[in-house]
Peer 1: 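Attaching a single structure in structure tokens format; questions to follow.
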There are 2 protein chains.
Amino acid sequence: MIKRRKNSVPPPPPDCPLRKCMELLSGAWTPDIIWYLRDGERRFNELQTDLPGVSAKMLTTRLKRLERLGVILRSPKPTSPPTVWYGLTPLGLELVGALSVVVDIGHRLKQSHEGSFETRL
Amino acid sequence: MIKRRKNSVPPPPPDCPLRKCMELLSGAWTPDIIWYLRDGERRFNELQTDLPGVSAKMLTTRLKRLERLGVILRSPKPTSPPTVWYGLTPLGLELVGALSVVVDIGHRLKQSHEGSFETRL
DNA sequence: CAATCAGGTTACCATCTGGTAAGCATTCAC
DNA sequence: GTGAATGCTTACCAGATGGTAACCTGATTG
């Protein structure tokens, strides 16, 4: 019997530019990782402390995905113990541009609202 | 016995501007809704056809949330049957600015990759 | 009165997400 | 050889997400 996949049609427009690019930024910690790479390469452990609360599992998962999507570049160095540096590709740098607009708005939100607001429904 | 909430600490920095603004854009269909309101008010049913595949439930949920967050404005008109128009607030317009950068990148992705790429891990 | 339209709401449930905890491989210093 | 550091991987599972289907209210039209 064929297993019916029920939740498989959320995004009907498969080539929508908005959706296509937003997917690069989707998932917990994804924008944070890109943002923390904006000034140059970082190592795995550096990112772990840059992003307090991220688990090694998530970090690995996100870094792999971002590498596969062409957003970041993974370069292991033959030090000992071996270290791995992650840096942005040109595409990654473009995303930093988008994120900086987002960060700008975030700053202004902080000033105007100041009191936290609930974002959950 | 106190019920332990296990998944409650993803974002330790509660006032991070990046996170704060990205939350406004989070959730399925959220960027799409904001994007389709960029040229002026739309009605509930118009949005439903703008976004093929969205369910009435999701649309209601998102519109309510975006209204509560100050991104959109809901204005029911006393026509018959009554219609409801949704439009962007100044904050919503700022988000359109961010999204247009995203859309730009999406366009360039389409041109360079052309073949679809998988965004799932 | 029944049907229709606008704009929802609700119940139910499959799937996805991301957390914790543990383990693993390599290399070097003691 | 034992332990620490670096960079992962795996199993397990709670809770969040978002889909479908059905229902609702109030006004208008026939």
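Note that the structure is predicted; figures quoted are calculated from it, not measured. Protein chains get the first letters and strands the later ones, always in sequence-line order, with residue 1 at the start of each. FYI, side chains are in, hydrogens and waters are out, and symmetry mates aren't considered; it's all heavy atoms of this structure.
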Peer 1: Identify whether B/Leu73 and A/Ile105 are in the same connected component of the hydrophobic contact network (ILVMFWY, side-chain heavy atoms under 4.5 Å).
Peer 2: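 No, it is not one cluster - the side chains of B/Leu73 and A/Ile105 are not joined through contacts under 4.5 Å.
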Peer 1: B/Leu25 vs A/Leu25, test: side chain to side chain contact (heavy atoms under 4.5 Å, CB included). Steps then yes/no.
Peer 2: CA-CA 11 Å; B/Leu25 300 174; A/Leu25 300 173; over 6 Å; no
Peer 1: At under 4.0 Å, does any side-chain N or O of A/Arg74 touch on OP1 or OP2 of D/dC8?
Peer 2: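 For A/Arg74, the contact criterion (side-chain N or O under 4.0 Å from OP1 or OP2 of D/dC8) is met.
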Peer 1: Round to the nearest Å and state the distance from A/Glu67 atom CD to D/dG7 atom P.
Peer 2: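 Taking CD of A/Glu67 and P of D/dG7, I get 14 Å after rounding.
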Peer 1: Find the distance B/Leu51:CG to C/dG7:C1' and express it as a whole number of Å.
Peer 2: 16 Å
Peer 1: Return the value, rounded to whole Å, for the distance between atom CD of B/Gln48 and atom C1' of C/dG7.
Peer 2: 9 Å
Peer 1: How close or far is atom C1' of C/dC16 from atom CD of A/Glu23, stated in whole angstroms?
Peer 2: 14 Å
Peer 1: Looking at DNA chain D, which of residues 36-46 of chain A put a heavy atom within less than 4.0 Å of it?
Peer 2: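 DNA chain D contact set from residues 36-46 of chain A: A/Phe44, A/Asn45.
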Peer 1: Is NZ or CZ of B/Arg19 both nearer than 6.0 Å to the six-membered ring centre of A/Trp35 and within 45° of the ring axis?
Peer 2: no
Peer 1: Let's see if you can work this out: which of C/dT20, C/dG18, D/dC8 has an atom nearest to the side-chain heavy atoms of A/Tyr86?
Peer 2: D/dC8
Peer 1: Below 4.5 Å, heavy atoms only, C-beta onward: do A/Val84 and A/Arg74 meet side chain to side chain?
Peer 2: yes
Peer 1: Is the shortest side-chain heavy-atom distance between B/Val54 and B/Leu47 below 4.5 Å?
Peer 2: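 B/Val54 does not reach B/Leu47 side chain to side chain.
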Peer 1: Calculate the interatomic distance between A/Met58 atom CE and C/dA21 atom P; express it in whole Å.
Peer 2: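 Roughly 17 Å, once rounded to whole Å.
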Peer 1: Run through A/Thr89, A/Leu88, A/Val71 and flag the one making a side-chain contact (heavy atoms from CB on, under 4.5 Å) with A/Leu95.
Peer 2: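 It is A/Val71; the other options fail the test.
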Peer 1: The side chain of B/Ala56 is closest to which nucleotide in this list: C/dG8, C/dT20, D/dT9?
Peer 2: C/dG8
Peer 1: When clusters are formed by joining ILVMFWY residues with side-chain heavy atoms under 4.5 Å apart, either directly or through shared neighbours, do B/Trp85 and B/Tyr36 land in the same one?
Peer 2: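 No, it is not one cluster - the side chains of B/Trp85 and B/Tyr36 are not joined through contacts under 4.5 Å.
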Peer 1: Between A/Leu109 and B/Leu91, does the side chain to side chain contact (heavy atoms under 4.5 Å, CB included) criterion hold? Intermediate values first, please.
Peer 2: CA-CA 9 Å; A/Leu109 277 178; B/Leu91 171 56; 4.0 Å; yes
Peer 1: At under 4.0 Å between heavy atoms, which parts of nucleotides 24-30 of chain C does protein reach? Answer with one letter per nucleotide, 5' to 3': B base, S sugar-phosphate only, - none.
Peer 2: ---SS--
Peer 1: Base, sugar-phosphate, or nothing: which does B/Thr83 touch, judged by heavy atoms less than 4.0 Å apart?
Peer 2: sugar-phosphate
Peer 1: Would you say A/Lys64 places a side-chain N or O within less than 4.0 Å of OP1 or OP2 belonging to D/dT9?
Peer 2: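 So the side-chain polar atoms of A/Lys64 do come within 4.0 Å of the phosphate oxygens OP1 or OP2 of D/dT9, strictly under.
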Peer 1: State, with a plain yes or no, whether a side-chain heavy atom of A/Tyr86 is found less than 4.5 Å away from one of A/Leu66.
Peer 2: no
Peer 1: Rounded to whole angstrom units, what separation is found between the CG atom of A/Asp50 and the P atom of D/dG7?
Peer 2: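 My rounded result for the distance is 13 Å.
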Peer 1: Between B/Leu59 (CG) and C/dA6 (P), how many Å, whole number?
Peer 2: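 To the nearest whole Å, that distance equals 14 Å.
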